[in-house]
There are 2 protein chains.
Amino acid sequence: MAVKAATTMDRRTGVALWRQIADRIRQGIAAGEFGEGGRLPPETALAERFGVNRHTVRGAIAALVQEGVLRAEQGRGTFVERRKRLSYPIARRTRFSEGLRDQAQDRRGHLLGETREDADTRVAEALGLQPGAPVLRVETMSEADGRPVSCATSWFDAARFAGMGEAIAETGSVTLAYRRHGVEDYFRQSTTVSARHADVGDLAALKLAPGAIVLVALAVNVDVEGRPIQFSETRFAADRVELAVAE
Amino acid sequence: MAVKAATTMDRRTGVALWRQIADRIRQGIAAGEFGEGGRLPPETALAERFGVNRHTVRGAIAALVQEGVLRAEQGRGTFVERRKRLSYPIARRTRFSEGLRDQAQDRRGHLLGETREDADTRVAEALGLQPGAPVLRVETMSEADGRPVSCATSWFDAARFAGMGEAIAETGSVTLAYRRHGVEDYFRQSTTVSARHADVGDLAALKLAPGAIVLVALAVNVDVEGRPIQFSETRFAADRVELAVAE
DNA sequence: AAATATTTGTCCGTATGTATT
DNA sequence: TAATACATACGGACAAATATT
């Protein structure tokens with residue numbers, strides 16, 4: 001009777017084996033395990049290493065191919081699609097396209113929607129308004145070289161920034177949209193970074209696979225007089241972006 | 001014929017429905033959806049909201065009770081175990097215990113191990129050494145009020161900081177350990193933040209559940225003369241910590 | 001140039017876990 | 001509790017593309 005190889009994978013975690021293995025392969029890639037532009041071991045070898053059937057490994061590889069992490073070629077092997085993470089600077093003067101200028105040819109932002117609503121306590125506090133004050137909620141998305149980088153929800157004082165969404169849509173730039181409202185310059189006052197699993201909205205906006213991670217940055221921008229002009233929650237695709245804190 | 005409620009849950013993701021729902025409830029708690037010390041809606045209401053059977057919701061709740069996120073009381077309801085996220089400051093002068101002083105009574109660091117190794121290109125570049133130069137690799141872990149907060153791998157120039165691990169273990173503080181090596185003050189030169197799934201080492205050190213997320217901060221500390229003295233990779237439990245960037 | 005080995009791609013069937021009714 | 005449907009995982013066999021000898 002053949003003794004079955006000890007499986008290091010848990011079967012009762014509610015996470016399918018192929019997904020656990022995909023995560024481990026992704027981590028191995030991030031750790032540089034397979035070298036520069038590296039090639040994965042054959043499916044049979046991976047199956048043995050993880051103590052699972054070859055088909056299960058194939059499921060993991062298929063998911064990573066779908067994600068764009070791997071590329072499989074019949075008869076040749078499976079290869080790592082090397083794609084360096086964009087480094088998104090967080091500084092006192094943080095502007096989307098300037099920060100990524102050297103890292104991507106094509107940077108652009110899109111307006112997804114604009115609605116008018118009443119400020120909840122969190123938004124009101126960040127913008128220095130009374131709770132319930134009218135604010136504009138603006139949904140945007142940005143991409144670099146055709147790959148979604150981030151999606152954001154921003155709140156503006158509706159009294160001061162009427163038509164901000166329209167201005168962003170026409171100029172394609174928050175900086176230029178501010179100019180139209182008499183804000184010549186602005187600064188990042190504070191940034192808080194956390195991370196969580198992408199929700200359904202993030203998955204759609206950023207074209208992510210289920211289970212993906214987003215970096216969440218809560219930020220307050222202020223004008224030259226120090227008055228808050230924008231509160232935003234930006235979700236970055238964690239496998240495509242890192243945040244560089246400049247000090 | 002009854003029309004079935006549109007399910008927002010995907011069945012082909014490799015993540016069991018009960019786990020997806022557990023993740024969404026966890027997110028809802030983080031977003032403050034159920035209020036202060038809040039009570040969850042009845043299982044039947046949750047089942048309807050998520051478009052699944054009550055049995056499935058029960059599976060999700062059972063997992064969250066196991067995690068310590070929820071507390072279920074027969075006949076009364078299911079309640080959120082209150083735990084606020086620690087806000088970990090990242091600034092030019094970043095020190096572990098000072099930053100958390102107001103947020104946790106009991107802050108402590110532990111030395112997990114120290115080894116001597118040759119610097120790889122990444123470590124060498126960060127510390128301004130030649131690749132292959134001898135460095136100390138120190139593994140540490142920190143907790144606040146008995147809950148693991150972060151674990152870190154740090155590298156020091158072995159020539160300048162011999163016995164650094166021992167000094168950290170005895171003093172329980174990196175700052176004090178530096179003093180023993182003639183470094184009276186130091187600064188954070190750069191910090192890069194990313195996020196990924198916790199690997200097996202992180203899971204053990206931080207007592208996390210499989211699939212958990214860690215915030216990864218790569219940092220370089222320099223002495224008053226601007227010479228690099230430490231390169232570190234710190235993994236924070238993303239569901240317990242947020243990083244506050246001070247500017 | 002030809003034969004062989006290696007590696008990915010596809011098909012079959014079966015057993016078990018998950019979710020609904 | 002039981003019946004049903006689907007997704008997951010395993011095992012084997014073979015085809016197709018590529019690499020090696």
Only pairs under 3.5 Å count here: list side-chain donor-acceptor contacts from residues 129-137 of chain B, not counting sequence neighbours, and write none if there are none.
| from | atom 1 | to | atom 2 | distance (Å) |
| --- | --- | --- | --- | --- |
| B:Arg137 | NE | B:Glu139 | OE2 | 3.0 |
| B:Arg137 | NH2 | B:Glu139 | OE2 | 3.3 |

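Between the CG atom of A:Leu40 and the P atom of C:dT6 there is a distance of 19 Å, rounded to whole Å. One interatomic measurement links the two molecules: CZ of A:Arg58 to C1' of D:dA7, which rounds to 18 Å at whole-angstrom precision. Atom CD1 of B:Ile21 is separated from atom P of C:dA19 by 8 Å (rounded to the nearest Å). A straight line from CG of A:Leu17 to P of D:dT8 spans 11 Å, rounded to a whole angstrom. Here C:dT8 presents its P atom at 14 Å from CG of A:Leu64, a figure rounded to the nearest Å. Between the CZ atom of A:Phe79 and the C1' atom of C:dT7 there is a distance of 10 Å, given to the nearest Å.
Between B:Asn53 and the phosphate of C:dA19, there is no side-chain N or O to OP1/OP2 separation shorter than 4.0 Å. Note on A:Thr56: every side-chain N or O is 4.0 Å or more away from OP1 and OP2 of D:dT8.
No more than 12 heavy-atom neighbours from other residues, nucleotides or ligands sit within 6.0 angstrom of CD on A:Glu125. Within a 6.0 Å radius of CZ in A:Arg122, other residues, nucleotides and ligands contribute more than 12 heavy atoms. No more than 12 heavy-atom neighbours from other residues, nucleotides or ligands sit within 6.0 angstrom of CZ on A:Arg108.
Taking 4.0 Å as the cut-off between side-chain N and carboxylate O, A:Arg49 and A:Glu33 count as a salt-bridged pair.
Residues meeting the salt bridge (charged side-chain N to carboxylate O under 4.0 Å, His left out) test with A:Glu242, sequence neighbours left out: none.
In the model, B:Ser150 has no side-chain atom that pairs as donor or acceptor with a side-chain atom of B:Arg240 under 3.5 Å.
Remark: C:dA1 base-pairs with no nucleotide; criterion is Watson-Crick or G-U wobble with both hydrogen-bond distances under 3.5 Å.
As judged by a 4.0 angstrom heavy-atom cut-off over every strand, A:Thr44 is placed among residues making no nucleic acid contact.
When distances run from any side-chain atom of A:Pro42 to the nucleotides C:dA19, D:dT8, C:dT8, the shortest one goes to C:dT8.
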What N/O pairs connect the protein and nucleotides 18-21 of chain D at under 3.5 Å? Give each pair on its own line.
| from | atom 1 | to | atom 2 | distance (Å) |
| --- | --- | --- | --- | --- |
| D:dA19 | OP1 | A:Arg76 | NH1 | 2.9 |

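Across the interface with DNA chain D, nearest-nucleotide mapping of A:Arg54 and B:His55 shows B:His55 to be the residue nearer the 5′ end.
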